[in-house]
Amino acid sequence: MKEAGLPIDHTYPLVLAGPSGSGKTTAVRELLHRRSDLRFSVSATTRASRPGERDGVDYVFLERADFERMRDRGELLEWAEVHGELYGTPSENLEGARAQGTHLVLDIDVQGARSVRNAVPDAVTIFLLPPRGAWLSRLRARGSETPSTLLLRLRTAAEELGAAREFDYVLVNEDLGETVDRVEAILNAEESRVGRVGNELNRFVSVLEMEIAVAQAEAVEPEEADNEGTGDTQ
Ligand code: 5GP
């Protein structure tokens with residue numbers, strides 16, 4: 001199949017944010033499963049690992065002092081304190097993705113999304129809204145929550161909802177498959193954004209301009225040749 005698009009100049013970070021229970025972690029996992037042009041950004045965090053989480057795969061679990069050292073050395077693209085714990089994106093995640101020619105997918109909070117937008121203005125940011133009603137029971141059903149951490153998550157969720165308007169795109173995560181379809185549609189549209197294909201667009205347009213110049217010359221020449229042939233000088 002021929003590609004309709006032009007190759008993009010460079011890859012970009014794709015940020016997914018949204019309140020707890022919006023299902024963004026599952027959506028990110030499904031998205032990564034579907035596409036090979038994406039790489040997951042493994043964050044560093046000071047929070048304890050949950051059952052089933054793997055160090056270096058889900059998160060890099062660090063002592064607070066180690067996290068702070070990384071941050072103070074400027075090794076984090078962004079960082080934020082969420083629920084009393086530190087979370088951050090190692091800058092090398094973005095460098096690695098760029099070197100591989102893949103987009104870096106970040107599952108981060110709204111503070112982090114703001115920082116990424118400031119640091120990398122061509123980042124694509126998507127806010128996932130939880131479906132109305134059901135998400136609260138989803139949140140409560142999480143085994144890891146105690147009443148006080150649940151309250152904290154609810155307060156953070158309310159704050160995060162207020163930031164939805166800052167994002168490029170907003171999706172309601174009613175159905176995982178449809179949500180991921182939409183994210184893919186966004187990625188596909190971004191591939192054709194004029195600002196992302198500038199280099200190739202210049203080259204392509206130059207070639208077309210040359211073709212036009214040749215066609216113009218060919219369109220004019222036969223007429224001139226005819227005039228010469230008849231000796232008509234009027
Ligand atoms: P959890 O502890 O439930 O895995 O994550 C709590 C929140 O921290 C989620 O909103 C998650 O997206 C966010 N988070 C995870 N990694 C990062 C990161 O590297 N930076 C920022 N700013 N937030 C993160």
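In this chain, residues are counted from 1 in sequence order. Atoms within each ligand, like the ligands themselves, are counted from 1 in listed order.
- Between R69 and D72 there is no salt bridge, since none of the side-chain N atoms of the basic residue sits less than 4.0 Å from a carboxylate O of the acidic one.
- Remark: ligand 1 and G88 share an N or O pair separated by less than 3.5 Å (distance only, no angle test).
- Considering backbone and side-chain atoms alike, W79 places every N or O at 3.5 Å or more from each N or O of ligand 1.
- Looking at E78 next to ligand 1, an N or O pair under 3.5 Å apart turns up.
- The ligand atoms of ligand 1 that sit less than 4.0 angstrom from a heavy atom of A80 are 22 (N).
- Side-chain N/O atoms of N173 and S22 include no donor and acceptor closer than 3.5 Å.
- Salt bridge status for R114 with E166: present, with a side-chain N to carboxylate O gap under 4.0 Å.
- Comment: R196 engages D122 in a salt bridge, judged by a side-chain N to carboxylate O separation of less than 4.0 angstrom.
- A salt bridge does not link R71 with E75: none of the charged nitrogens is closer than 4.0 Å to a carboxylate oxygen.
- At least one N/O-N/O distance between Y59 and ligand 1 falls below 3.5 Å.
- Interface atoms of ligand 1 facing G112, defined by a heavy-atom separation under 4.0 Å, are 22 (N).
- For ligand 1, the atoms closer than 4.0 angstrom to any heavy atom of T89 are 19 (O).
- Only the side chain of R153 comes within 4.0 Å of ligand 1, judged by heavy-atom distances.
- Residue-level proximity to ligand 1 for R50 is carried by the side chain, the only part with a heavy atom below 4.0 angstrom.
- Applying the 4.0 Å criterion to heavy atoms of K24 picks out, from ligand 1, the atoms 9 (C), 10 (O), 11 (C), 12 (O).
- One finds a salt bridge joining E68 and R64 here, because a Lys/Arg side-chain nitrogen approaches an Asp/Glu carboxylate oxygen to under 4.0 Å.
- Of the heavy atoms in Q111, none comes closer than 4.0 Å to ligand 1.
- Contacts of V82 with ligand 1, taken as heavy-atom pairs under 4.0 Å, involve the side chain alone.
- Neither side chain, T11 nor R98, offers a donor N or O lying under 3.5 Å from an acceptor on the other.
- By the 3.5 Å distance cut-off applied to N or O atoms, H83 is not counted among the residues near ligand 1.
- Remark: ligand 1 atoms within the under-4.0 Å shell around heavy atoms of R47 are 1 (P), 2 (O), 4 (O).
- Checked against salt bridge (charged side-chain N to carboxylate O under 4.0 Å, His left out), D168 has no partners two or more places apart in sequence or in another chain.
- By the salt bridge (charged side-chain N to carboxylate O under 4.0 Å, His left out) test, E53 pairs with R47, sequence neighbours left out.
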